[in-house]
Structure formats: C-alpha cells, structure tokens
Trainee: 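The structure's right below; bear with me while I get my questions together.
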Amino acid sequence: PRPEGPEEERDRTERVLHKDGSLMKITKFVLSSAKLRGAPDLFRAKEDLVRYLFSEKLVNELRKQGCTNFVFEDLEQV
C-alpha cells in the first residue's frame with residue numbers, strides 16, 4: 001500500500017502544465033503547515049508519486065539510527 005497524505009497538503013506549489021492544462025511536472029513543493037496537521041510522517045503527493053515526503057521527526061530519527069542511502073531536500077513550509 002502507498003502512504004497517502006492529505007489531499008490538499010500543498011500551497012503555492014509551482015507546476016508546469018501541458019497546453020491542454022494537464023500536469024507535466026511539479027517544479028517546487030510548498031507545504032501548508034495548517035494542512036499538514038495530523039499528516040503521517042511519510043507520504044507521497046498525488047501529483048508526484050516518485051518522491052516520498054518525510055516529516056522532520058522521521059528524518060531526525062533515521063539520521064539518529066545511522067540510516068544511509070537517503071537524499072533529503074528541505075521544502076518551504078508556510
């Protein structure tokens with residue numbers, strides 16, 4: 001099963017669209033603090049199923065446990 005986050009977890013997310021209006025790619029995620037309350041520590045956004053979004057709590061725990069082979073990128077949160 002795929003971890004799922006809130007339906008509308010992003011605000012001001014930058015997207016690139018095809019001429020017909022369909023989503024081509026997301027160039028930048030901007031997360032809404034209010035919409036993330038109660039979200040799981042690990043989920044994927046429905047528009048980008050290749051990336052996993054980790055909470056800071058989970059990232060800190062993985063680092064504490066010495067887990068490697070992860071590449072983390074900070075996302076803007078408003």
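All of these numbers come straight from a predicted model, not from anything done at the bench.
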Trainee: Walk me through whether Leu53 and Leu75 qualify under side-chain contact (heavy atoms from CB on, under 4.5 Å).
Mentor: CA-CA 9 Å; Leu53 302 176; Leu75 300 178; 3.7 Å; yes

Trainee: Not counting sequence neighbours, which residues clear side-chain hydrogen bond (donor to acceptor under 3.5 Å, both in side chains) with Glu73? List them please.
Mentor: none

Trainee: Excluding sequence neighbours, so at least two apart, what forms salt bridge (charged side-chain N to carboxylate O under 4.0 Å, His left out) with Lys64?
Mentor: none

Trainee: Could you tell me whether the side chain of Val50 reaches within less than 4.5 Å of the side chain of Arg44, counting heavy atoms only?
Mentor: no

Trainee: Going from CD on Glu61 to OG on Ser55, what distance comes out if it is rounded to the nearest 0.5 angstrom?
Mentor: 10.0 Å

Trainee: Between Phe43 and Tyr52, is the ring centroid distance below 6.0 Å?
Mentor: no

Trainee: Residues two or more places apart in sequence or in another chain: which of them pass side-chain hydrogen bond (donor to acceptor under 3.5 Å, both in side chains) with Glu56?
Mentor: none

Trainee: Minimum heavy-atom separation for Asp41 to Leu58, with atom names?
Mentor: O-CD2, 3.5 Å

Trainee: Stepwise, does the side-chain contact (heavy atoms from CB on, under 4.5 Å) test hold for Phe72 with Arg63?
Mentor: CA-CA 11 Å; Phe72 296 112; Arg63 287 181 174 151; 3.6 Å; yes

Trainee: Would you say Phe54 and Leu62 make side-chain contact, with heavy atoms under 4.5 Å?
Mentor: yes

